[in-house]
2 protein chains.
Amino acid sequence: LDIKALVIIGGDDSNTNACVLAEYYASINSGVQVIGCPKTIDGDLKNEQIETSFGFDTACKVYSELIGNIQRDCNSARKYWHFIKVMGRSASHIALECALQTHPNICIVSEEVEAKGLLLDQIIDDIAAVIAKRAERGLNYGTVIIPEGLIEFIPAMKKLISELNDFLAHNQEEFDLVRRSGKRDYIISKLSHENAEIYASLPESVARQLTLDRDPHGNVQVSLIETEKLLAEMVKNKLNEWKKEGKYNGKFATITHFFGYEGRCAAPSNYDADYCYSLGYTASMLVAAGKTGYMSSVRNTTAPAAEWIAGGIPITMMMNMERRHGEMKPVIQKALVELDGEPFNYFVSQRDKWAVETDYVYPGPIQYFGPTEVCDQPSKTLQLEQKGCIVVQ
Amino acid sequence: LDIKALVIIGGDDSNTNACVLAEYYASINSGVQVIGCPKTIDGDLKNEQIETSFGFDTACKVYSELIGNIQRDCNSARKYWHFIKVMGRSASHIALECALQTHPNICIVSEEVEAKGLLLDQIIDDIAAVIAKRAERGLNYGTVIIPEGLIEFIPAMKKLISELNDFLAHNQEEFDLVRRSGKRDYIISKLSHENAEIYASLPESVARQLTLDRDPHGNVQVSLIETEKLLAEMVKNKLNEWKKEGKYNGKFATITHFFGYEGRCAAPSNYDADYCYSLGYTASMLVAAGKTGYMSSVRNTTAPAAEWIAGGIPITMMMNMERRHGEMKPVIQKALVELDGEPFNYFVSQRDKWAVETDYVYPGPIQYFGPTEVCDQPSKTLQLEQKGCIVVQ
């Protein structure tokens, strides 16, 4: 094919493959160079040399536009709690950035849930507590941002799903013979005591979901679980209990949303367009310089573009050994939200205020032509990471 | 309270009330003037004097931004059919305007469904036919826009819902005693033959929905029916049948969306901001001129603002007699999509092409600061109504 160089654009997996491919081409002396570029809306490909992946800024701005719109409606109608799930397969970067942009009443961060070993019931308690506190002030409305990957970060749910996967892998035929109305009780009777209790506490639709639609490896497809509806329903049940106990006396009606595809292919923000252009230009320079197995790197992007720092980083520098399909392999590690990082710290410093007060921000649609403070701002996450503060516009 | 004048901002109901209130204040010589302003995202308050209601342009542009984004993803991933429901309680103006802006593969217009007396099964057939035709070309992806009010425009569904409402109003207690797994068969056994057949053809979740959640008047809450999921599931079943018959040989996976609250409280488009400002200014002039029972009217808004025509229209001029709660009352009639109007005509002239080709348009986010052809365009609906064509930008 007479290919001189490949530029591979993608997330941690694609760039891991870019690295493997570069090693292979080098080992056979083919002369084909391979350069990677960091692209994923999830924002989980980042490290000291790679500040962010392109797509993250745009997706978060689209979701924040929509969350802001919903919050303005919410604050006007004053009768709904909106449960809003946002995309992001495992890390909560998107949920956190959207929270920093819009100041919702509640935002769940999966990494915190895992670090604290929270049970699903504790998460429900925490949400219900905020709702009850607002109800005392006569505020029977609000917003909850939920990261798509949440379920897999709840240790107890992880155990339940794992036992379910194992059990059904060995007993699928018997399970299929159980009549529909008896399937739930059948599962409960077969699980370990601890998991049976959790399974029994789940709303019917989610309980059923967990036994259906398995992927080719026999695993439940967690992304199909409608976490936003699960939480809304469980919170409702909890508030009903509290009402009977006299601990809550508000009104609770919910509307659920999932924002995913809306933000994946949006027209890019100016930041992403500039960053992406720079990454591409840098990739071409790396090719011209004869490099292979490098990732295009552009840093200091919260400064004016003239001060951005371009370069190339050997992808091997980002590699860690991880178990994949039972074997230890070198892969680029997904960057999760750091619980001692500035973005999360800032969120923690604000969230109690956001919870009870109504401090919504309405970012509006991405702008291209206006003043630079409207059009060209990098993500709040990046501002906090690099400058330790959010520039007040 | 020493109030001199009220300006009432809202849709057909609010302005009907404004008219009644004006008559009342006049009849008691209170001296309080009442002026109305046309506001509803649904776009169904319009007539010869009122070109459009503010909110419609903004909501449609927000939904079109999102539909465009989804279409770009759809055209890139090439593996999903997106079923997208858009708000608009009864008229299909929003769905039609979004279609004119984004060129989806399919857009259903409720008013056409009603005029043709289509059955649900015929709608499913029509959608499946487009999907099959695209599959023949190797295009196993696409977009379907569905107006929120569709169900009530399908004559057969209307009859079914009406019989269900009647039946359950008289037999709710007996129905409650039927065990859950038997409720569906119970309903089927009680309905007239024709309606029983339709009920039996519905997916389980929708069938259940139709017997639950009744409003205070005992009617099913049609807005809670997830029409987008209903259609997606029924189309899937249809395509499976066709596959067995050898009439279809594609892949079919769906993602469903509902866009409503995202567009209701968005930052206004320049058009809506200008139009709204003009309506408000005109309302104040009508008050100053001593008028009451008038609606603020600003026309010729597809022309430059200097040529806009401001005035006031007696609300009684827009009144029709309609049966409400068993009595004939004067009300402002909801404006439905006119099947001989230019917006629908233009859509019909294009839709066969949009169906099989992939002619997506990606309008992007609402802009405020850029060139006028990007920022200040009125809706396609209004352009077609006033000029008979869409200005190519």
Side-chain angles (χ1 to χ4, degrees), chain A residues 41 55 58-59 61-77 79-80 82 84 87 143 179-183 204-205 208 223-224 226 229 253-269 360 362-372 374-375, chain B residues 41 55 58-59 61-77 79-80 82 84 87 143 179-183 204-205 208 223-224 226 229 253-269 360 362-372 374-375:
Chain A
I41 67 160
T58 301
K61 281 177 176 157
V62 171
Y63 301 147
S64 296
E65 172 198 354
L66 300 179
I67 294 167
N69 289 356
I70 286 170
Q71 289 190 154
R72 203 190 272 107
D73 194 76
C74 176
N75 198 9
S76 161
K79 58 182 176 184
Y80 294 116
H82 292 264
I84 306 164
M87 214 173 222
T143 47
R179 52 186 299 220
R180 188 158 177 167
S181 57
K183 282 187 192 294
E204 204 177 312
S205 58
R208 194 166 52 228
S223 68
L224 292 181
E226 293 179 299
K229 291 188 181 166
T254 57
I255 294 174
T256 60
H257 310 263
F258 170 44
F259 296 135
Y261 292 86
E262 297 82 351
R264 285 161 48 109
C265 272
S269 65
Y360 301 151
Y362 319 110
I366 291 175
Q367 293 299 301
Y368 296 107
F369 303 100
T372 190
V374 173
C375 300
Chain B
I41 67 160
T58 301
K61 281 176 177 158
V62 172
Y63 301 147
S64 296
E65 172 198 354
L66 301 179
I67 294 167
N69 289 357
I70 286 170
Q71 289 189 154
R72 203 191 271 107
D73 194 76
C74 176
N75 198 9
S76 162
K79 58 182 176 183
Y80 294 116
H82 292 265
I84 306 164
M87 214 172 222
T143 47
R179 51 186 300 219
R180 188 158 177 164
S181 57
K183 282 186 193 296
E204 204 177 313
S205 58
R208 194 167 51 229
S223 68
L224 293 181
E226 294 180 298
K229 290 189 181 164
T254 58
I255 294 175
T256 60
H257 310 263
F258 170 44
F259 296 134
Y261 293 86
E262 297 82 351
R264 286 161 47 108
C265 272
S269 64
Y360 301 151
Y362 319 110
I366 290 175
Q367 294 298 301
Y368 296 107
F369 303 100
T372 190
V374 174
C375 300

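Chain letters run A, B, ... following the sequence lines, proteins first, then strands; residues in each count from 1.
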Got A:Phe369 and B:Val374 here, is their nearest side-chain heavy-atom distance under 4.5 Å?
yes

Using a 4.5 angstrom heavy-atom cutoff, name the option from B:Gly364, B:Cys375, B:Gly370 with the most pairs to chain A.
B:Gly370

Any chance you could measure A:Cys265, atom SG, to B:Tyr362, atom OH, to the nearest 0.5 Å?
8.5 Å

Per-residue contact mode, B:Gln71 against chain A (heavy atom under 4.5 angstrom):
neither

Out of B:Gly260, B:Pro371, B:Cys74, return the one with the most heavy atom pairs under 4.5 angstrom to chain A.
B:Pro371

So, A:Lys229 and B:Glu226, do they make that salt bridge, N to O below 4.0 Å?
yes

Please rank B:Arg264, B:Arg180, B:Gln367, B:Arg72 by heavy-atom pairs under 4.5 Å with chain A and give me the top one.
B:Gln367

Of all heavy-atom pairs between B:Pro365 and A:Ile366, which one has the smallest distance, and what is that distance?
CG-O, 3.5 Å

For the residue pair A:Tyr261 and B:Tyr80, what are the closest heavy atoms and their distance?
OH-CE1, 3.8 Å

Under 3.5 Å, is there a donor-acceptor pair between the side chain of A:Glu262 and the main chain of B:Ile67?
no

At a heavy-atom separation under 4.5 Å, does B:Phe259 approach chain A through its side chain, its backbone, both, or neither?
side chain

